[in-house]
There are 2 protein chains.
Amino acid sequence: MARLTNCIEMMDEGIGRVSQIIPQMPAAEARLCRLMLMVGSSLEGELEFKLKPHKLNHSEFLTLMILYSRPDGSSTPGELCEYASQGATNMTRIANALVKRGLITRGASEEDRRRVLIRITPAGRRFVQKMLPPMFPRVALMFAGFSDGDKRSLSRLLRKLAHNLDELSEATPP
Amino acid sequence: MARLTNCIEMMDEGIGRVSQIIPQMPAAEARLCRLMLMVGSSLEGELEFKLKPHKLNHSEFLTLMILYSRPDGSSTPGELCEYASQGATNMTRIANALVKRGLITRGASEEDRRRVLIRITPAGRRFVQKMLPPMFPRVALMFAGFSDGDKRSLSRLLRKLAHNLDELSEATPP
DNA sequence: AAGTCATATTTCATCAGTGAAATAAAAGAT
DNA sequence: ATCTTTTATTTCACTGATGAAATATGACTT
């Protein structure tokens with residue numbers, strides 16, 4: 001796999017040349033956009049790489065973590081779909097996989113028997129507590145050389161970007 | 001689809017609770033990591049959305065743009081694999097799709113006849129010049145409210161992160 | 001000339017996610 | 001009591017990417 005830095009360098013030159021041909025292009029913004037996409041997918045790759053030994057993919061991991069982080073360790077398929085940004089079809093498949101491994105259980109809700117209650121099991125909690133800590137060093141290394149101010153800036157700017165993306169997709173009711 | 005802002009809010013609370021159970025967790029870094037992943041994939045969705053009317057997916061668009069941005073409008077499959085972060089198998093498929101639409105051509109290289117020279121066609125250039133400008137307003141809106149300093153900061157921080165990710169994957173030679 | 005390496009393609013099996021449609025069951029509305 | 005809506009599951013066809021193995025071709029080495 002090519003180093004990210006090389007791809008970025010080549011992207012910089014490419015956008016430079018394109019913006020000479022098409023001067024109306026918002027070059028700085030386009031660069032930021034490409035940067036986000038490149039770094040984002042590299043980060044995604046890094047995550048999947050760390051998950052592979054545990055036979056989990058990103059969306060299974062995310063679903064499990066959402067449950068783990070809940071005060072009561074439970075949620076419903078619909079809610080999980082929302083927060084894990086997955087379709088219902090996919091969430092059914094994810095839940096099946098996690099149930100099969102004994103990390104979660106499915107049961108009917110008491111109050112509303114249409115709903116399905118998904119709970120993380122004690123085995124699921126142990127699993128998370130065992131797999132999470134070995135990831136910490138690499139997560140910390142990603143932000144090596146970032147001052148506290150850098151981290152705060154990055155957080156602020158990403159949240160601002162997220163807010164703008166929300167506005168954009170609300171302005172487009174497809 | 002859930003709003004990004006909601007997902008972020010819920011992620012913040014979730015990480016807060018997890019870091020109470022597992023205090024060694026680098027919470028700030030984990031938050032940044034999740035933020036990058038969420039915003040990145042939302043951005044990816046936004047891009048795919050803009051590409052759909054042109055019947056292009058992300059990697060086809062990227063491949064085409066790399067060629068467009070080259071001074072001579074040409075490259076080779078191997079090089080495109082690198083910069084578009086695609087496997088050879090996939091690049092063959094991408095090239096087939098673009099050739100079929102008349103946007104690029106494939107031909108043997110003169111110097112080294114093992115190599116295949118991929119060139120953007122005049123039709124390919126016209127296609128890019130027609131499809132690109134309508135994207136500009138939305139790209140600009142993504143960064144609405146970003147000062148010049150914000151943009152520079154974000155650029156700098158993403159590049160630093162990219163650099164760290166390169167180091168990480170070089171320290172892991174599988 | 002023979003052997004080795006490099007480049008690209010093709011085939012194949014597989015995985016992860018999408019979207020639409022059909023089904024089921026229960027809640028809520030009138 | 002019937003009708004509508006909500007929630008979840010299941011099935012199906014499809015897209016896009018992945019990785020391994022086999023093949024073809026041409027370049028480089030000696």
Side-chain angles (χ1 to χ4, degrees), chain A residues 1-2 37 40-42 44-45 47-49 51-64 74-100 104-119 174, chain B residues 1-2 37 40-42 44-49 51-64 74-101 104-119 174:
Chain A
M1 189 70 70
L37 289 170
S41 78
S42 171
E44 173 110 22
L47 176 59
E48 300 261 7
F49 172 77
L51 293 179
K52 191 167 276 180
H54 305 98
K55 314 261 189 210
L56 281 184
N57 64 30
H58 189 171
S59 44
E60 290 163 350
F61 172 68
L62 183 51
T63 302
L64 189 59
S74 74
S75 184
T76 65
E79 203 183 17
L80 290 170
C81 280
E82 243 192 81
Y83 289 128
S85 313
Q86 295 292 325
T89 306
N90 210 19
M91 190 48 70
T92 297
R93 191 172 50 76
I94 292 168
N96 286 341
L98 295 178
V99 166
K100 192 180 295 179
I104 67 172
T105 57
R106 248 196 280 236
S109 159
E110 296 298 315
E111 320 93 57
D112 183 340
R113 310 212 21 241
R114 286 170 303 185
R115 281 165 181 273
V116 168
L117 253 197
I118 293 183
R119 287 178 198 285
Chain B
M1 190 69 70
L37 288 171
S41 79
S42 171
E44 172 109 23
E46 164 70 19
L47 176 58
E48 300 263 8
F49 173 77
L51 292 179
K52 189 165 275 179
H54 305 98
K55 313 259 189 211
L56 280 184
N57 63 30
H58 189 174
S59 46
E60 291 164 350
F61 172 68
L62 182 52
T63 302
L64 190 60
S74 75
S75 184
T76 65
E79 202 181 18
L80 290 171
C81 280
E82 245 191 80
Y83 289 128
S85 312
Q86 294 292 328
T89 304
N90 209 19
M91 191 46 72
T92 298
R93 191 172 49 77
I94 292 167
N96 286 341
L98 295 177
V99 165
K100 191 180 295 180
R101 293 180 59 175
I104 66 172
T105 57
R106 247 195 283 235
S109 158
E110 296 296 318
E111 321 93 55
D112 182 341
R113 310 215 16 243
R114 283 170 307 188
R115 281 165 182 273
V116 168
L117 253 197
I118 294 183
R119 288 179 198 285

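Chain letters run A, B, ... following the sequence lines, proteins first, then strands; residues in each count from 1.
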Response to the item:
Closest to the 5' end of DNA chain D, once Asn96(A) and Arg115(A) are matched to their nearest nucleotides, is Arg115(A)
Worksheet item: Roughly how far, to the nearest 0.5 Å, is the CG atom of Leu80(B) from the CG atom of Asn90(B)?
Response: 12.0 Å
Practice prompt. Would you state whether a donor and an acceptor, one from the side chain of Thr76(B) and one from the base of dA8(C), lie under 3.5 Å apart?
Written response: no
Discussion item. Without decimals, in angstroms, what is the distance between Arg93(A) CZ and dT10(D) P?
Written reply: 13 Å
Discussion item. So if I take every side-chain heavy atom of Pro77(A) and compare against dA20(D), dT9(D), dC12(D), which nucleotide ends up nearest?
Written reply: dT9(D)
Worksheet entry | Whole-Å gap separating P (dA17(D)) and CD (Glu48(A)) | 14 Å
Worksheet item: Whole Å only: how far is the CE atom of Met91(B) from the P atom of dT11(C)?
Response: 19 Å
Worksheet item: From the list dT10(C), dA17(D), dT10(D), which nucleotide is the closest neighbour of the side chain of Asn90(B)?
Response: dA17(D)
Practice prompt. Could you check Leu98(A), Ile104(A), Ile118(A) and say which one makes a side chain to side chain contact (heavy atoms under 4.5 Å, CB included) with Thr63(A)?
Written response: Leu98(A)
Worksheet item: Tell me: CD of Glu44(A) to P of dT18(D), nearest whole Å?
Response: 11 Å
Worksheet item: To the nearest Å, how far apart are Leu62(A) CG and dG17(C) P?
Response: 11 Å
Response to the item:
Taken to the nearest whole Å, NE2/His58(B) to C1'/dG17(C) is 17 Å
Worksheet item: Can you check the Leu51(A) CG to dC15(C) P distance for me, whole Å?
Response: 17 Å
Practice prompt. Between dT9(C), dT10(D), dT18(D), spot the one nearest the side chain of Thr92(A), thanks.
Written response: dT10(D)
Worksheet item: Is any side-chain N or O of Asn57(A) closer than 4.0 Å to OP1 or OP2 of dG17(C)?
Response: yes
Discussion item. Is the shortest side-chain heavy-atom distance between Glu44(A) and Leu37(B) below 4.5 Å?
Written reply: yes
Practice prompt. To the nearest 0.5 angstrom, please state how far the NE2 atom of His58(A) sits from the CD atom of Gln86(A).
Written response: 9.0 Å
Fill in: Any Gln86(A) side-chain N or O less than 4.0 Å from OP1/OP2 of dA16(C)
no
Fill in: For atom CD1 of Ile94(B) and atom C1' of dA17(D), their distance in whole Å
9 Å
Worksheet item: Do Leu64(B) and Arg101(B) come close enough that some side-chain heavy atom pair is under 4.5 Å?
Response: no
Item to complete: Hey, which sits more toward the 5' end of DNA chain D by its nearest nucleotide, Lys52(A) or Gly78(A)?
Response: Gly78(A)
Worksheet item: OP1 or OP2 of dA17(D) sitting under 4.0 Å from any side-chain N/O of Ser59(B)?
Response: yes
